[in-house]
Amino acid sequence: MPRHLTSLDDLNPDELSAVLRTAADLKQKHQAGERAGLLPGRVLTQLFEKPSLRTRNSFEAAMVHLGGSGIFLTMKEAGLDGRESLSDVARVLSSYSDVITMRTFSQDLIEQFAGHSRCPVINALSDERHPCQAMTDLMTIQECAGTLRGIHLVFVGDGNNVARSLAQAAAMTGLKFTLAVPPGFELPEAFLDSLRQRYPDCCLRQTPDPKEAVATADFVYTDVWASMGQESEAEQRRRAFSGYQVSESLMRAAPPEARFMHDLPAKRGLEVTDAVMDGPQSIVFQQAENRMHLARGLLAWLLTQ
Ligand code: CP
Ligand code: NVA
């Protein structure tokens, strides 16, 4: 059975640390001009149902740096628009590939595809999860703070795919996680409770009060209010989230050394102001660059076991 990463459930905390260590090590080598060709001739296939700048291109660049190459397919090009069954596509495509990344609406589709795949399948975002983003964010926080344990990450905004994977990543590594969220947009308490059961020392909280939440933040994080697929709800969400913008005023309620994070793409002027995005506390482009370093670490760890 191939080793998949359909969500962070597929890793234990030691394995997650090993991926982060591999990524940090390969980043250091890369910056020193060393391109470790750990995966010569390997093929990465990317199967995407939604647009992507960072995930698609960072994975492709990562595979090229490691000595391999990439194929990109939309769902239609793969025949997943009704031309062929999911199981047949998975069997065929995985026989040409060493690893597959998938970006879909449905989390279930990635899991079903993985069930028929002969090679590892990595979740490149679904409506429920974004594990590669969360792992990258751990890497970035570790670089800035020197540690993860006890650091306070405050996510201001929607209880969405990014928030869910970050909550899980936090629980697995001892990072404290607070979601400041308007009523009705929280993460399901049952999900947080299952993390609390699995990781009894974890510290996960939800509150409707962003000012109170950021008062003790080391990192203030936000994401779009309407995710891909929720475009028709944009206006209603804009009203519901109007008190949750990460502005200079909200950043003033946080400790002065707190950093600002965003997975991008950002809707400037909605969930975050230009002044915060481009201000001295912002580390959003360090995060975006780290997507490539994390992808390299993950591919190397997964395919050289
Ligand atoms: N953060 C992120 O996943 O960006 P893309 O949607 O551009 O891949
Ligand atoms: N929550 C966002 C993340 C984009 C990287 C979305 O799903 O559209």
Side-chain angles (χ1 to χ4, degrees), residues 5-8 23 44-63 70 72-75 100-110 122-141 153 155-169 177 179-182 185-188 191 219 221-234 236-238 240-241 244-246 260-268 270-272 277 282-296 298-299:
L5 186 81
T6 62
S7 77
L8 290 175
L44 161 73
T45 298
Q46 307 209 74
L47 184 52
F48 278 38
E49 196 177 18
K50 300 178 180 181
S52 170
L53 175 69
R54 281 144 288 270
T55 309
R56 171 184 173 175
N57 295 298
S58 63
F59 264 106
E60 184 161 338
M63 191 47 132
F72 180 83
L73 290 169
T74 61
M75 299 303 247
I100 295 175
T101 60
M102 281 184 82
R103 171 168 288 201
T104 58
F105 290 97
S106 149
Q107 172 70 20
D108 196 44
L109 192 76
I110 300 181
I122 297 173
N123 182 337
L125 179 146
S126 69
D127 283 352
E128 277 177 43
R129 312 269 181 169
H130 200 359
C132 298
Q133 182 66 51
M135 288 190 287
T136 306
D137 296 333
L138 293 179
M139 179 179 182
T140 308
I141 291 171
L153 171 63
F155 187 107
V156 181
D158 189 19
N160 64 13
N161 45 8
V162 174
R164 184 185 296 256
S165 286
L166 277 173
Q168 182 159 7
F177 181 82
L179 176 60
V181 55
F185 295 91
E186 297 95 341
L187 284 169
F191 169 70
F219 294 85
Y221 198 121
T222 194
D223 185 17
V224 289
W225 293 336
S227 285
M228 291 179 276
Q230 296 174 330
E231 290 77 9
S232 64
E233 297 171 26
Q236 172 223 333
R237 284 172 167 268
R238 188 193 289 235
F241 285 91
Y244 291 78
Q245 184 185 63
V246 181
F260 170 69
M261 301 179 78
H262 193 308
D263 49 294
L264 306 181
K267 288 268 186 248
R268 288 168 175 258
L270 292 183
E271 76 272 7
V272 61
M277 270 284 283
S282 174
I283 54 169
V284 301
F285 296 107
Q286 183 179 346
Q287 277 178 273
E289 178 186 331
N290 277 341
R291 290 300 308 271
M292 182 182 71
H293 299 299
L294 190 283
R296 213 171 15 215
L298 179 62
L299 292 171

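Read the numbers this way: they start at 1 and go in the same order the structure lists the ligands and their atoms. All figures in this text were calculated on a predicted structure; none of them were measured in a lab.
- Looking only at atom types and distance, the side chain of Gln107 has a donor-acceptor partner in the side chain of Asn123 under 3.5 Å away.
- Here's the thing with Ser227: one of its N/O atoms is less than 3.5 angstrom from an N/O atom of ligand 2.
- Side-chain atoms of Glu49 come within 3.5 Å of backbone atoms of Phe105 as a donor-acceptor pair (strictly under, hydrogens ignored).
- Scanning the protein heavy atoms around atom 7 (O) of ligand 2, the nearest turns out to be Asn161 ND2, 2.9 Å.
- At least one heavy atom of Leu264 sits less than 4.0 Å from an atom of ligand 2.
- At least one side-chain heavy atom of Met228 sits less than 4.5 Å from a side-chain heavy atom of Leu125.
- Listed by number with element, the atoms of ligand 1 under 4.0 Å from a non-hydrogen atom of Leu53 are 5 (P), 7 (O), 8 (O).
- In this structure, of Arg54, Met228, Arg291, Gln287, the residue bringing a heavy atom nearest to atom 4 (O) of ligand 1 is Arg54.
- Side-chain atoms of Glu271 do not come within 3.5 Å of backbone N or O of Ala266 as any donor-acceptor pair.
- The shortest N/O to N/O separation between Gln133 and ligand 1 falls below 3.5 Å.
- Among protein heavy atoms, atom 5 (C) of ligand 2 sits closest to Asp263 OD2, 3.5 Å.
- Residue-ligand proximity, Arg103 to ligand 1, at heavy-atom distances under 4.0 Å covers atoms 3 (O), 5 (P), 6 (O), 8 (O).
- Interatomic distance, CE of Met102 versus CE of Met75, reported as 4.5 Å (0.5 Å rounding).
- Residue contacts with ligand 1 include Leu264, since one of its heavy atoms falls under 4.0 Å from the ligand.
- Asp137 and Gln287 are linked by a side-chain donor-acceptor pair at a separation below 3.5 angstrom, with hydrogens and angles left out of the test.
- For ligand 2, the atoms sitting less than 4.0 Å from at least one non-hydrogen atom of Leu125 are 3 (C), 4 (C), 5 (C), 7 (O), numbered in the order shown with element in parentheses.
- By the neighbour-count criterion of 12 heavy atoms within 6.0 Å, atom CZ of Arg238 is sparsely surrounded, having that number or fewer from other residues, nucleotides or ligands.
- Both tests hold for Arg164 against Phe191: distance to the six-membered ring centre under 6.0 Å, angle to the ring axis within 45°.
- Here the heavy atom of the protein found nearest to atom 8 (O) of ligand 2 is Met228 N, 2.8 Å.
- Of all atoms in ligand 1, listed by their number and element, those nearer than 4.0 Å to a heavy atom of His130 are 2 (C), 3 (O).
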